[in-house]
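Just so we're on the same page: letters track the sequence lines, and every chain starts at 1.
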Protein chains: 2
Amino acid sequence: MKFSNEMPIYLQLSKVLALNIVNGKYKAGEKIPSVRDLANIYKVNPNTVQKALSELENLNLIYTERTNGKFVVKDYKVIKNYTIRLANEMTLSYLENMKELGIEKKETLKFIERNE
Amino acid sequence: MKFSNEMPIYLQLSKVLALNIVNGKYKAGEKIPSVRDLANIYKVNPNTVQKALSELENLNLIYTERTNGKFVVKDYKVIKNYTIRLANEMTLSYLENMKELGIEKKETLKFIERNE
DNA sequence: CTCACTGTACTAACACAATAATACATCAAA
DNA sequence: TTTGATGTATTATTGTGTTAGTACAGTGAG
């Protein structure tokens, strides 16, 4: 796993883990790997993992059982809603960015067609 | 002008300035504001401006006349090519991100329609 | 109970982005 | 020539992301 230097690692890691929840690698109600395991998996410091996970907890995507581990939230709707919110944010941001480049919606669609 | 803390300011500033070139606020061949002026405009340190501008110089979007100022590159084609490259990168990245959310191209188009 | 595993907390050290304050060299204009 | 503008370079300081190492408390299994 490679991290960019354009953003703090803990934020990048947080996004990666959120994706794992969204795409079902970590399923609703399931336990996620321990802080120490994640640190090994992604070759970062346990403290960095903890910071990343606290982001996910703020998003209500995971919850903590103090001496047992951290778990994906049980209600799948929460995950689904998060997914839709993310998709909308990404779409809006994409369209805005294209607009800033002077590319209107009609042309934007051409760019999308071109990239299968 | 507000900067996020998710990315170094000099990179954010560099993107803003690149946009000013792309959308024609700073036209081909034109002089851009001095390092000190830009620092005042965006309320950042002159050193930060310099770092941002060196990014633009690496992209060949601007060039320097040592004691006269910095100028947008004269050849408009360079700017146009940069714009297209950016748009392609953004589109590709957007489609990949949506795919990671489990949203295929057909559904992605619906999201775009929904966001006029 | 003992041991291994959890999350959590703390300190220390390092790297680097960012700010601040100067200083210098070059050119153009007054 | 003098003045002011330009880019550039240097040094010091601050804040914080990251790593490293250690320690503690609670839980469950053997």
Rounded to whole Å, how long is the line connecting atom [atom1] of [X] with atom [atom2] of [N]?
{"X": "A/N47", "N": "C/dG7", "atom1": "CG", "atom2": "P", "value": "13 Å"}
{"X": "A/Y63", "N": "C/dT6", "atom1": "OH", "atom2": "P", "value": "16 Å"}
{"X": "B/N40", "N": "C/dT19", "atom1": "CG", "atom2": "C1'", "value": "14 Å"}
{"X": "B/F3", "N": "C/dA18", "atom1": "CZ", "atom2": "C1'", "value": "12 Å"}
{"X": "A/Q50", "N": "C/dT6", "atom1": "CD", "atom2": "P", "value": "13 Å"}

For A/R114, all residues meeting salt bridge (charged side-chain N to carboxylate O under 4.0 Å, His left out), sequence neighbours excluded
none
Taking only residues two or more places apart in sequence or in another chain, which ones pass salt bridge (charged side-chain N to carboxylate O under 4.0 Å, His left out) with B/K70?
B/E57
So the ring-ring contact (aromatic ring centres under 6.0 Å, His included) pairs with at least one residue in residues 91-116 of chain A (sequence neighbours excluded) are A/Y94-B/Y94
With sequence neighbours excluded, give me every ring-ring contact (aromatic ring centres under 6.0 Å, His included) pair touching residues 34-53 of chain B.
none
Short side-chain N/O contact to C/dA18 OP1/OP2 from B/K43, under 4.0 Å
no
Sequence neighbours excluded, every pair satisfying salt bridge (charged side-chain N to carboxylate O under 4.0 Å, His left out) that has a member inside residues 32-46 of chain B
none
Does anything in residues 77-86 of chain B form a salt bridge (charged side-chain N to carboxylate O under 4.0 Å, His left out)? List the pairs, not counting sequence neighbours.
B/R85-B/E89
N/O contacts under 3.5 Å, protein versus nucleotides 15-17 of chain C?
residue	atom	partner	partner atom	Å
C/dA17	OP2	B/K51	NZ	3.0

All N/O donor-acceptor pairs, side-chain side in residues 24-31 of chain A, below 3.5 Å, sequence neighbours left out:
residue	atom	partner	partner atom	Å
A/K27	NZ	A/G24	O	3.1
A/E30	OE1	A/K27	N	3.3
A/K31	NZ	A/N68	O	3.0

Result for 5'-nearest mapping on DNA chain D, choosing between B/P33 and A/V44, is B/P33
Return the 5'-most residue of the pair A/T48, B/E57 with respect to DNA chain D, ranking by each residue's nearest nucleotide.
B/E57
So the contacted stretch of DNA chain D, first to last nucleotide with an atom under 4.0 Å from a non-hydrogen atom of chain A, runs from D/dG17 to D/dT27
side-chain contact (heavy atoms from CB on, under 4.5 Å) partners for B/E100, two or more places apart:
A/L19, B/N97
Which atoms of nucleotides 24-29 of chain C (N or O only) lie under 3.5 Å from a protein N or O atom, and what are those distances?
residue	atom	partner	partner atom	Å
C/dC27	O4'	B/T67	OG1	2.9

May I ask you to list the residues sharing a hydrophobic cluster with B/Y63, side-chain cutoff 4.5 Å, ordered by chain and number?
B/F71
Among A/I62, A/I32, A/L38, whose side chain to side chain contact (heavy atoms under 4.5 Å, CB included) with A/L17 holds?
A/L38
Pairwise 5' ranking along DNA chain C for B/L11 and A/K70, keeping only the more 5' one:
A/K70
Taking it one step at a time, do A/L92 and A/N88 satisfy side chain to side chain contact (heavy atoms under 4.5 Å, CB included)?
CA-CA 6 Å; A/L92 203 56; A/N88 272 321; over 6 Å; no
